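Reckoned from all heavy atoms, side chains included, excluding hydrogens, waters and symmetry mates. None of these values were measured; they are calculated from a predicted model.
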Amino acid sequence: LKKIQKVRTTFELRADRWDVTGYIWECTVESQKGREMRHRLSVVIAICALLTAGRTSAQELQDMLFALNAARSEIGRFDAESGALVGSFPTPVFCRPEGACGLAFTGYSLYFVDSTDPDQKIYEISPVDGTLWNSFAAPDNSIDGLAFDGGVLYAASFGEDRIYHLESMSGSVLESLEIDADLVGGLGAEDGGLFAGSIRPGTIFAIDPANGEILNSFATPGALPTGLALLGGKLFVGDAGEEKLYRLNPESGAVEEEW
């Protein structure tokens, strides 16, 4: 019992998405005896085995970047070290060629939004094959940037020049920050840091996620930095015009690598 409980607790601490297994566990560890108890324990062991397999798969995604090919309505997984494409799957809804879309990876699931989507929803999907897991209404009709950090889903609005803090399961607005910049394109967050982009000229802004204050800004190598991501303290920028992926110094904007 102690060993099984330890495995289950590890999953709860590391990923909110596995909390549902807690209900299975609570129903299982009642004071049952005899064959019923043995049967229930065997079910839990099977569940733990499945979760272990899922965790291994999720762990392999930790060093991946996700990028959108709007022209093909396709999301690609890229190796963050080499920039190599390692897999792809369809978007949950058809994308317009202009690609006013956003992606955010939580470490376990992927959020997707397209501001031209008639349903005006944010979709939570599998980062492996794009299976739809959840969806909820977007906070306004011009969301084209998403990021995730500290359990909060951030959504950038190019129409309102706002960044919303959203509850990641329901999409409820927790906070709305007005940003003193022309926001268009990507959004990236990690360990309390928040970056947003603007186009023509391409500019990246470091933003205080608590109050929306612009802390720093720098020019990008291309004019259309429509995708941003923070991974391991590194800033990645996808430029739609040049169809390139850049790794930039998050403080100076200097190009460290490009693919």
_To check you understand the geometry: which heavy-atom pair defines the closest contact between Pro250 and Phe218, and what is its length?_
O-CE2, 3.5 Å

*Nearest non-hydrogen partners of Gly222 and Glu242, listed with the distance*: CA-OE2, 3.7 Å

*asked:* Donor-acceptor check, side chain of Thr220 to backbone of Pro225, threshold 3.5 angstrom: yes or no?
replied: no

*Looking at Leu166 and Gly171, what are the two nearest heavy atoms and their distance?*
CD2-O, 3.6 Å

*Is the backbone N or O of Asp182 less than 3.5 Å from a side-chain atom of Ser198, with the two atoms forming a donor-acceptor pair by type?*
yes

*asked:* Suppose we screen for side-chain hydrogen bond (donor to acceptor under 3.5 Å, both in side chains). Which residues come up paired with Ser142, at least two apart in sequence or across chains?
replied: Asp140, Ser157

*Check which hydrophobic residues are tied to Val152 through side-chain heavy-atom contacts below 4.5 Å, counting indirect links as well, and list them.*
Tyr154, Ile163, Leu177, Ile179, Leu183, Leu187, Leu194, Phe205, Ile207, Ile214

*asked:* Just to verify, what does Glu175 make a salt bridge (Lys or Arg N to Asp or Glu O under 4.0 Å) with, not counting sequence neighbours?
replied: none

*For Thr106 against Tyr108, the heavy-atom pair lying closest together*: OG1-N, 3.1 Å

*With sequence neighbours excluded, what pairs up with Leu230 under the side chain to side chain contact (heavy atoms under 4.5 Å, CB included) test?*
Glu190, Phe195, Leu235

_Please check: side-chain N/O of Asp149 versus main-chain N/O of Ala189, any donor-acceptor pairing under 3.5 Å?_
no

*Give the minimum heavy-atom separation between Ser170 and Phe136, together with the two atoms involved.*
O-CB, 3.2 Å

_Can you list everything that forms a side-chain hydrogen bond (donor to acceptor under 3.5 Å, both in side chains) with Thr131? Sequence neighbours excluded, please._
Asp129

*asked:* Measuring from atom OG of Ser73 to atom CG of Leu68, what distance do you get when rounded to the nearest 0.5 angstrom?
replied: 7.5 Å

*With sequence neighbours excluded, give me every salt bridge (charged side-chain N to carboxylate O under 4.0 Å, His left out) pair touching residues 72-85.*
Arg72-Glu74, Glu81-Lys234

*asked:* Suppose we screen for side chain to side chain contact (heavy atoms under 4.5 Å, CB included). Which residues come up paired with Val113, at least two apart in sequence or across chains?
replied: Ile122, Ile143, Leu146

*Pairs touching residues 201-214 that satisfy side chain to side chain donor-acceptor pair (under 3.5 Å), sequence neighbours left out*: none

*asked:* Is there a path of hydrophobic side-chain contacts, each under 4.5 Å between heavy atoms, that joins Tyr246 and Ile204?
replied: yes

Side-chain donor-acceptor pairs under 3.5 Å in residues 252-259, sequence neighbours left out?
residue, atom, partner, partner atom, Å
Ser252, OG, Ala254, N, 3.2
Glu256, OE1, Arg247, NE, 3.4
Glu258, OE2, Lys244, NZ, 2.9
Trp259, NE1, Ser82, O, 2.7

*Closest non-hydrogen atom pair between Phe148 and Gly151, with its separation*: CZ-CA, 3.5 Å

*Name all residues meeting the side chain to side chain contact (heavy atoms under 4.5 Å, CB included) criterion together with Pro127; count only those two or more places apart in sequence or in a different chain, and write none if there are none.*
Leu61, Phe66, Phe105, Leu110, Trp133

*asked:* List the residues meeting side chain to side chain contact (heavy atoms under 4.5 Å, CB included) with Leu231, not counting sequence neighbours, and say none if there are none.
replied: Leu65, Ala80, Phe236

*Would you find a donor on one side and an acceptor on the other, under 3.5 Å apart, between the side chain of His165 and the backbone of Ala210?*
no

*Sequence neighbours left out, what passes side-chain hydrogen bond (donor to acceptor under 3.5 Å, both in side chains) with Ser217? Give chain and number order.*
none

*Check the side chains of Tyr123 and Asp114 for a donor-acceptor pair under 3.5 angstrom, ignoring hydrogens and angles.*
no

*When you measure from the side chain of Asn134 to the backbone N and O of Met169, does any donor-acceptor pair fall under 3.5 Å?*
yes

*With the 4.5 Å side-chain cut-off for hydrophobic clustering, are Leu132 and Ile75 part of the same group?*
yes

*Decide whether Phe78 and Phe89 are clustered together by the hydrophobic rule: side chain heavy atoms of Ile, Leu, Val, Met, Phe, Trp, Tyr closer than 4.5 Å, transitively.*
no

